[in-house]
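Shown below is the structure under consideration.
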There are 2 protein chains.
Amino acid sequence: MAPSVEQSATGTQAVDRAAALVSTVVHADAPLSFADLQEASGLAKSTTSRMLAALERGGLLERDPEGSYVAGSLFWLYAARHDPWEELVRLARPAMERIGEETSETVHLSVTRGEKVVQVAQVDSRYLLGTRDWTEIDVPAHTSALGKVFYAWGALPVPAHELERLTPTTITEPEALRHDGIRTRKRGWAVTDGELEVGLTGVAVPVQGARGDVVAALGISGPTPRLEDRLDEIGTNLSSHAEQLSRLLRGRAPKEGVA
Amino acid sequence: MAPSVEQSATGTQAVDRAAALVSTVVHADAPLSFADLQEASGLAKSTTSRMLAALERGGLLERDPEGSYVAGSLFWLYAARHDPWEELVRLARPAMERIGEETSETVHLSVTRGEKVVQVAQVDSRYLLGTRDWTEIDVPAHTSALGKVFYAWGALPVPAHELERLTPTTITEPEALRHDGIRTRKRGWAVTDGELEVGLTGVAVPVQGARGDVVAALGISGPTPRLEDRLDEIGTNLSSHAEQLSRLLRGRAPKEGVA
DNA sequence: GACCACAGTTCCACAACATGGAACAGGACG
DNA sequence: CGTCCTGTTCCATGTTGTGGAACTGTGGTC
């Protein structure tokens with residue numbers, strides 16, 4: 001619950017305590033009462049009171065109608081200015097870079113926007129022959145591994161109508177796509193094998209958001225010959241990274257830890 | 001040498017100063033250097049240094065690769081957990097309530113999701129005969145005043161194809177919709193007069209986001225007979241509220257302030 | 001209406017803590 | 001190798017934060 005109170009360096013006691021209070025409020029995303037905060041911080045009532053007042057004055061905290069404390073205007077100002085997936089990208093970047101190093105292929109991160117799937121980040125392959133920049137390019141969801149993740153985990157409804165054919169192996173029947181989704185879910189990762197472009201293989205896994213829903217897909221792509229024998233290994237690798245990322249999204253901030 | 005230091009109550013100097021630093025960083029949504037912050041706060045180098053270190057430790061600030069300060073993990077944690085328009089709704093609620101009182105009609109707030117327009121908040125009419133709860137209901141954008149706002153201000157592309165007809169007066173030609181948009185922009189507010197449902201009139205205005213783009217539409221709707229003679233008055237009223245809301249979104253928190 | 005219980009704020013004397021100047025360390029130039 | 005510029009650490013000083021206790025205000029109970 002409450003993040004461990006940091007060990008203050010010298011000369012920052014007040015600020016450290018104040019930061020701990022804010023942190024407590026933000027981490028608990030429900031409003032916290034004065035008593036909760038006093039207890040969580042272990043400070044004297046008077047100190048708590050003065051501090052909360054200062055934080056409120058500074059826009060870091062705010063009181064809801066019942067008088068409990070919630071994150072203040074600075075937080076919603078920030079949230080209003082930044083796309084939610086900006087944070088996702090930020091959190092995901094290190095993982096994507098590691099995946100890039102481990103697989104040497106191009107790494108993708110996608111989210112859904114409306115009924116479409118858009119890429120929000122990419123780390124390029126080490127090879128000359130690799131997938132180019134897909135960011136913001138529209139790829140039909142049923143042809144990419146990224147898109148299939150959303151279908152398979154129900155983050156996107158499978159269309160009722162016939163789907164566009166891009167290659168001989170593209171799945172065009174909704175029913176077939178649904179079946180592919182079932183297999184995908186069992187397997188834990190989605191794969192596209194020349195269904196988007198002949199010779200292009202992709203593998204992708206779901207990323208769970210704070211509430212357990214699938215908010216993004218993490219995957220790699222590259223030439224089929226380089227990938228076809230490593231699908232299992234890649235799928236497992238992606239899964240473990242995605243899981244870590246999910247944990248991050250669930251709320252634990254990446255502090256301390258040996259870099 | 002104290003430009004805009006907060007008025008501290010007794011015994012909260014350090015926290016007030018710290019909050020001011022965080023506030024400076026969040027308001028300037030570009031990274032700020034140590035020097036910027038030292039200058040903006042008017043504190044001694046040593047104090048600034050200690051304070052920034054404490055704030056960083058507490059997750060309120062963070063350093064980008066170049067060493068400049070940006071909002072810390074607590075902020076992105078918050079952003080990741082809260083929809084961006086949750087803040088919008090929050091900020092808009094008071095205005096919507098006042099509009100409801102002033103017009104006695106149902107008040108709506110919409111945003112675009114993909115190419116669709118969805119309602120995110122509503123304040124109900126005082127009358128028995130009024131618009132019902134539209135939240136999350138799909139209304140074709142070209143038939144509602146809310147939707148027309150997005151077309152008129154270019155937040156949504158006007159479709160190339162013929163549009164669905166819901167009533168005899170529904171605009172179905174893209175060209176006509178574009179023309180309607182021009183008139184709308186000149187006028188300052190969008191109107192739908194029985195184009196969605198016979199006898200239903202709606203008026204809506206744009207809400208500008210932090211970067212000046214149209215992020216939402218604010219409007220009212222009700223039975224035509226009650227509204228048709230008050231369109232001007234309503235449009236003006238909505239505009240002034242929307243403008244205030246826009247100012248809020250632009251970043252000035254609703255605190256004290258001489259101005 | 002008088003009573004008490006509880007939540008939060010203000011008061012105050014004390015000294016612990018934050019403070020800023022100066023010295024120090026680490027780059028980035030030339 | 002010196003100079004400049006940025007940020008951190010040191011340290012004596014006294015300002016500022018501290019917690020206990022007194023106070024205020026609100027709600028509940030008889």
Side-chain angles (χ1 to χ4, degrees), chain A residues 2 5-25 28 30-72 255-256 259, chain B residues 1-25 28 30-72 255-256:
Chain A
V5 186
E6 299 295 325
Q7 221 52 302
S8 24
T10 51
T12 49
Q13 193 197 64
V15 179
D16 280 323
R17 287 170 165 182
L21 282 172
V22 175
S23 179
T24 305
V25 171
L32 290 179
S33 70
F34 180 96
D36 292 335
L37 286 168
Q38 197 220 322
E39 152 131 54
S41 65
L43 301 172
K45 273 204 301 181
S46 51
T47 308
T48 310
S49 174
R50 248 179 297 116
M51 244 166 200
L52 291 175
L55 291 171
E56 196 179 344
R57 203 170 333 124
L60 283 166
L61 294 181
E62 197 154 293
R63 316 188 70 151
D64 68 4
E66 288 93 44
S68 292
Y69 289 88
V70 295
K255 285 273 108 166
E256 326 261 317
Chain B
M1 279 257 198
S4 60
V5 192
E6 298 296 321
Q7 218 56 296
S8 27
T10 51
T12 49
Q13 193 198 66
V15 179
D16 281 323
R17 287 170 165 182
L21 283 173
V22 175
S23 180
T24 305
V25 170
L32 291 179
S33 70
F34 181 97
D36 293 334
L37 286 167
Q38 198 221 322
E39 153 130 54
S41 65
L43 301 172
K45 273 202 303 182
S46 51
T47 307
T48 309
S49 173
R50 247 178 300 116
M51 234 160 213
L52 291 175
L55 291 171
E56 195 179 344
R57 205 171 332 125
L60 284 166
L61 293 182
E62 198 154 290
R63 316 190 68 152
D64 69 5
E66 287 93 44
S68 291
Y69 288 89
V70 295
K255 295 264 109 167
E256 341 226 327

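Being a predicted model, the structure only gives us computed values, none of them experimental. Values below: all heavy atoms of this structure, side chains included; hydrogens, waters and symmetry mates excluded. Protein chains get the first letters and strands the later ones, always in sequence-line order, with residue 1 at the start of each.
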Please check: side-chain N/O of Gln38(B) versus main-chain N/O of Ala44(B), any donor-acceptor pairing under 3.5 Å?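 Side chain of Gln38(B) to backbone of Ala44(B): no pair is present.
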When rounded to whole Å, the CG to C1' distance for the pair Leu32(A) and dA7(C) reads 16 Å
Whole-Å distance separating the CD atom of Gln38(B) from the C1' atom of dC5(D): 13 Å
Please report, rounded to the nearest Å, how far the P atom of dT18(D) is from the CG atom of Leu43(A).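 Computing the Leu43(A):CG to dT18(D):P distance gives 7 Å.
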Indicate, with a heavy-atom threshold strictly under 4.0 Å, whether Ala35(A) touches base, sugar-phosphate, or nothing.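 The answer is sugar-phosphate, as Ala35(A) gets under 4.0 Å only of primed atoms, P, OP1 or OP2.
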Looking only at the side chain of Ser46(A) (C-beta and beyond, no hydrogens), which of the listed nucleotides dG19(D), dG17(D), dG20(C) gets closest?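 The answer is dG19(D), which lies nearest to the side chain.
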From CG (Leu21(A)) to CG (Asp36(A)), nearest 0.5 Å: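 That separation rounds to 11.5 Å.
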Once rounded to the nearest 0.5 Å, what's the spacing between atom CG of Leu60(A) and atom CE of Met51(A)?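 Separation between the atoms: 12.0 Å.
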Nucleotide nearest Tyr69(B) when distance is taken to its side chain, options dT8(D), dA18(C), dG19(D):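 When the side chain of Tyr69(B) is considered, dT8(D) is the closest of dT8(D), dA18(C), dG19(D).
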Distance test, side-chain N/O of Gln13(B) to OP1/OP2 of dT19(C), below 4.0 Å: yes
Of the options dT9(C), dT18(D), dT9(D), whose atoms approach the side-chain atoms of Thr47(A) most closely? dT18(D)
Hey, what do you get for OG (Ser33(B)) to CD (Glu39(B)), rounding to the nearest 0.5 Å?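 One gets 9.0 Å once the value is rounded to the nearest 0.5 Å.
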Nearest whole angstrom, please: distance from the C1' of dT8(D) to the CG of Leu37(B). 16 Å
Has Ser49(B) got a side-chain N or O lying under 4.0 Å from the OP1 or OP2 atom of dG7(D)? no
Earlier contact from the 5' end, DNA chain C, for Ser33(A) and Arg50(B): Ser33(A)
Per Phe34(B) side chain, nearest of listed nucleotides dT8(D), dT9(C), dA18(C):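 Closest of the options to the side chain of Phe34(B): dT8(D).
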Can you check the Leu55(A) CG to dT9(C) P distance for me, whole Å?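 Distance, rounded to whole Å: 13 Å.
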Roughly how many Å is it from CZ in Arg17(B) to P in dA18(C), rounded to a whole number?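 It is 12 Å, rounded to the nearest whole Å.
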Integer-rounded Å distance: dA7(C) C1' and Glu66(A) CD: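 Result: 15 Å.
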Could you give the CE-to-C1' distance, from Met51(A) to dT9(C), as a whole number of Å?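 The answer, rounded to whole Å, is 16 Å.
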Distance (rounded to the nearest 0.5 Å) between Arg63(A) CZ and Tyr69(A) OH: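 Going from the CZ atom of Arg63(A) to the OH atom of Tyr69(A) covers 3.0 Å.
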Which of these nucleotides, dG20(C), dT18(D), dG8(C), is closest to any side-chain atom of Lys45(A)?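 Taking heavy atoms from C-beta onward, the closest nucleotide is dG8(C).
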